[in-house]
Amino acid sequence: GENVEQHPSTLSVQEGDSAVIKCTYSDSASNYFPWYKQELGKGPQLIIDIRSNVGEKKDQRIAVTLNKTAKHFSLHITETQPEDSAVYFCAAFGSSYGNKLVFGAGTILRVKS
Amino acid sequence: NAGVTQTPKFQVLKTGQSMTLQCAQDMNHEYMSWYRQDPGMGLRLIHYSVGAGITDQGEVPNGYNVSRSTTEDFPLRLLSAAPSQTSVYFCASGGGGGYNEQFFGPGTRLTVL
C-alpha cells in the first residue's frame with residue numbers, strides 16, 4: 001500500500017523567514033496530494049492541495065510543488081507569521097490500493113517572533 | 001451546516017469495555033473515514049466508506065468495527081477496549097471520494113485504563 005514519509009518532524013523559523021516541508025510517497029499511481037494544518041485541540045484543516053497533472057500551485061503565502069518522477073512534493077510557506085505555528089500533515093491519495101488517503105507523520109512548525 | 005460532528009469529546013474506558021464513537025455529517029458526502037492520531041505517528045486510517053452500505057479497512061483496522069447504514073452517519077465501534085487504543089480519534093468526510101477536501105470533526109480523546 002501507500003507509504004508517505006514527511007520531513008522534518010519539527011521546524012523552527014524566525015518570523016518573516018520561509019519554511020519548507022517535504023514529503024515522499026511510494027505509490028506511483030497516487031494522484032492527489034493535500035496538505036492539512038492542525039491547530040492545538042482541533043481537527044486538521046485543508047490549506048492547499050495539488051493533483052498529479054500540475055507541477056506547482058500557489059495560494060498567497062503558501063505554495064506546493066510536485067515532482068512525480070521523484071515521487072516527492074513539498075509545502076512552501078513564505079513570510080511566516082506566528083499564526084502559522086501548528087502541525088502540518090501531507091497526504092497522498094490513489095485508487096490502486098483502495099480509496100485510501102494516507103498521511104505523513106506530521107511536522108511541528110514553530111514561528112518565533 | 002454543522003459540518004462533521006463527533007461525540008463524545010472525551011471518554012475513559014476500562015480494559016475490555018465496549019463503546020461506540022459517533023460521527024455525523026450534514027454535507028451529503030459519500031466518503032467518510034476514521035483516523036487515530038498518536039504522538040509522532042500522524043493520522044492513521046482505521047476504516048473508510050465510499051457510500052452507504054460500503055466499508056473497507058484502512059491501515060490499522062484491528063479491534064475496530066464500522067457500519068454505514070446512512071449517508072450521514074459512520075459510527076466506530078470498539079468491541080473490547082485495550083490500552084493500545086488510547087488515542088485521539090478523528091472522523092472525516094468529503095465529496096468525490098478521497099480526491100477532494102476532507103472535513104474533519106473536532107475529535108474524541110479516548111483513554112483506556
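Values below: all heavy atoms of this structure, side chains included; hydrogens, waters and symmetry mates excluded. By convention in this document, chain letters (A, B, ...) are assigned in the order of the sequence lines, proteins followed by strands, and residues within each chain are numbered from 1.
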Subject >> Leading residue by heavy atom contact count with chain B [cutoff under 4.5 Å; candidates Gly104(A), Pro44(A), Gly106(A), Ala105(A)] >> reply: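 Top option by heavy-atom pairs under 4.5 Å: Pro44(A).
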What part of [X] gets closer than 4.5 Å to chain A, counting heavy atoms only: side chain, backbone, both or neither?
{"X": "Tyr99(B)", "value": "both"}
{"X": "Asn100(B)", "value": "both"}
{"X": "Leu43(B)", "value": "both"}
{"X": "Phe103(B)", "value": "neither"}

Original post:
Arg109(B), Met41(B), Arg44(B), Gln102(B): which one forms the most heavy-atom pairs within less than 4.5 Å of chain A?
Top reply: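 The residue among Arg109(B), Met41(B), Arg44(B), Gln102(B) with the greatest pair count is Gln102(B).
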Using heavy-atom distances under 4.5 Å, tell me whether [X] contacts chain B through its side chain, its backbone, both, or neither.
{"X": "Pro34(A)", "value": "neither"}
{"X": "Tyr32(A)", "value": "side chain"}
{"X": "Gln38(A)", "value": "side chain"}

**OP:** May I have the step-by-step check of side-chain hydrogen bond (donor to acceptor under 3.5 Å, both in side chains) for Thr24(A) and His72(A), ending in yes or no?
**Re:** CA-CA 4 Å; Thr24(A) 60; His72(A) 67 71; over 6 Å; no
Subject >> CZ (Arg61(A)) with more than 12 external heavy atoms under 6.0 Å >> reply: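 Enclosed.
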**OP:** Would you tell me whether Thr107(A) and Gln6(A) have side-chain atoms, one donor and one acceptor, within less than 3.5 Å of each other?
**Re:**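 Checked: Thr107(A)/Gln6(A) side chains pair up, N/O donor to acceptor below 3.5 Å.
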Original post:
Between the main-chain N or O of Leu110(B) and the side-chain N or O of Gln11(B), is there a donor-acceptor pair closer than 3.5 Å?
Top reply: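 No: the side chain of Gln11(B) does not pair with the backbone of Leu110(B).
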**OP:** Apply ring pair (Phe, Tyr, Trp, His ring centres under 6.0 Å) to Tyr35(B) and Phe90(B), showing your working.
**Re:** CA-CA 5 Å; Tyr35(B) 291 86; Phe90(B) 288 99; 8.7 Å; no
**OP:** Take the angle between the ring planes of Phe103(A) and Tyr36(A) and call it parallel below 30°, perpendicular above 60°, tilted in between.
**Re:**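 Aromatic pair Phe103(A)/Tyr36(A) classed tilted.
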Subject >> Centroid-centroid distance, Phe74(B) to Tyr48(B), less than 6.0 Å >> reply: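 Aromatic pair excluded; centres sit 6.0 Å or further apart.
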